[in-house]
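First up is the structure itself, then whatever we jot down about it.
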Amino acid sequence: MMNKKFLASAAAATLVASAIVPAASAASFSDVTEDDSHKEAIDALTEMGIIKGYPDGTYKPYKTLKRSDVVKLLGRWLEEQGKEIPQDWDTVQRFKDLPVDFADEELVKYAALVKDHGVFLGSDNKLMHMNN
């Protein structure tokens, strides 16, 4: 089960969705300052590979998260905990509204992981990935 400290840090840091370029720490994000109250949580989650920032070097701490963002973050956290993406992620559809051939392959993989581990179940078996 996910520990409460992670959830508190994740919520407090208003985590951002997947991005392409990994960052070494919050200090490397141009929009996170040394006196930012969430810097420690951002650093910890960045070092774990759970948050990555954006290609332009920003973190976007005030971005509103979509359900797809949360699924990716939780999926990365599960991987960090030693869970593996199900081998059938690309053949067995987990959510009614997220086909296995969806363009965002990372989302499909992590949706399978979080669903199979009971971490994110959706609503009426729908992920509603575009909803906040």
Side-chain angles (χ1 to χ4, degrees):
M1 194 71 197
M2 297 185 336
N3 73 39
K4 292 179 183 177
K5 187 173 182 180
F6 168 76
L7 288 177
S9 295
T14 41
L15 301 173
V16 294
S18 130
I20 299 167
V21 180
S25 71
S28 64
F29 297 127
S30 62
D31 55 352
V32 176
T33 62
E34 286 297 318
D35 60 341
D36 190 306
S37 62
H38 302 299
K39 183 182 179 309
E40 186 177 334
I42 295 167
D43 276 337
L45 294 169
T46 300
E47 289 171 16
M48 293 171 68
I50 295 170
I51 58 173
K52 298 179 181 182
Y54 288 87
D56 66 358
T58 62
Y59 172 73
K60 301 183 185 191
Y62 301 105
K63 177 184 182 264
T64 299
L65 297 179
K66 301 241 179 257
R67 292 169 67 94
S68 59
D69 301 332
V70 175
V71 165
K72 289 178 184 180
L73 295 168
L74 291 172
R76 289 185 194 131
W77 184 80
L78 285 170
E79 277 190 314
E80 172 69 23
Q81 300 303 302
K83 308 297 183 197
E84 294 183 13
I85 294 173
Q87 290 184 355
D88 64 355
W89 70 268
D90 60 347
T91 58
V92 177
Q93 185 171 338
R94 280 11 186 235
F95 296 97
K96 292 179 191 175
D97 59 344
L98 187 68
V100 295
D101 61 352
F102 189 70
D104 187 344
E105 189 174 278
E106 182 184 31
L107 177 59
V108 177
K109 288 179 182 179
Y110 286 136
L113 181 61
V114 299
K115 177 89 182 261
D116 286 9
H117 285 282
V119 174
F120 199 98
L121 303 176
S123 178
D124 191 29
N125 204 30
K126 291 181 183 175
L127 182 58
M128 301 181 290
H129 60 280
M130 293 306 295
N131 291 3
N132 294 338

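In this text the structure is predicted, and so the values were computed from the model without any measurement.
- Contact check for Val108 versus Asp90: no side-chain heavy atoms found under the 4.5 Å cut-off.
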Verify side-chain contact (heavy atoms from CB on, under 4.5 Å) between Thr33 and Lys39, making sure each step is shown before the conclusion. CA-CA 7 Å; Thr33 62; Lys39 183 182 179 309; over 6 Å; no
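- Shown are Val70, Val71, Leu74; of these, the side chain to side chain contact (heavy atoms under 4.5 Å, CB included) with Val119 is made only by Leu74.
- Taking Arg67 as the reference, Phe120, Met128, Asn131 meet the side chain to side chain contact (heavy atoms under 4.5 Å, CB included) condition, with sequence neighbours excluded.
- Asp69 contributes a side-chain N or O that, together with a main-chain N or O of Lys66, makes up a donor-acceptor pair within less than 3.5 Å.
- Rounding to the nearest 0.5 angstrom, the gap separating the CG atom in Asp88 from the CG atom in Asp116 is 6.5 Å.
- The shortest distance between side-chain heavy atoms of Phe29 and Thr46 falls below 4.5 Å.
- Residue Lys72 holds its NZ atom at 14.0 Å from CG of Leu113, rounded to the nearest 0.5 Å.
- Listed here is the closest heavy atom pair of Thr58 and Asp56: OG1-OD1, 2.6 Å.
- By the 6.0 Å contact criterion, NZ on Lys96 is enclosed, its count of non-hydrogen atoms from other residues, nucleotides or ligands being greater than 12.
- In this structure, Asp31 and Pro61 approach most closely via the heavy-atom pair OD2-CD, 3.3 Å.
- The CG atom of Leu73 sits 11.0 Å away from atom CG of Leu78, with the distance rounded to the nearest 0.5 Å.
- For the side-chain hydrogen bond (donor to acceptor under 3.5 Å, both in side chains) with Tyr110, the lone residue among Arg76, Lys115, Glu79 that qualifies is Glu79.
- Here the two rings, on Phe102 and His129, have centers that are under 6.0 Å apart.
- Ile85 and Met48 fall within the same hydrophobic cluster, where Ile, Leu, Val, Met, Phe, Trp and Tyr residues are linked whenever their side-chain heavy atoms come under 4.5 Å apart, directly or through other members.
- In this structure, the side chains of His38 and Tyr59 stay at 4.5 Å or more apart for every pair of heavy atoms.
- Annotation: the span from Glu47 atom CD to Ile51 atom CD1 amounts to 10.0 Å, rounded to 0.5 Å.
- In this structure, CE on Met130 lies 11.5 Å from CG on Leu98, to the nearest 0.5 angstrom.
- Taking 4.5 Å as the limit, some side-chain heavy atom of Glu105 sits within range of a side-chain heavy atom of Trp89.
- Around the CD atom of Glu80, the shell of radius 6.0 Å holds more than 12 heavy atoms that belong to other residues, nucleotides or ligands.
- For the side chain to side chain contact (heavy atoms under 4.5 Å, CB included) test, residues two or more places apart in sequence or in another chain that qualify with Val100 are Gln93.
- Val114 has its side chain out of reach of Lys83: every pair of non-hydrogen atoms, C-beta onward, lies at least 4.5 Å apart.
- Taken to the nearest 0.5 Å, the NZ atom of Lys109 stands 12.5 Å off from the CD atom of Glu84.
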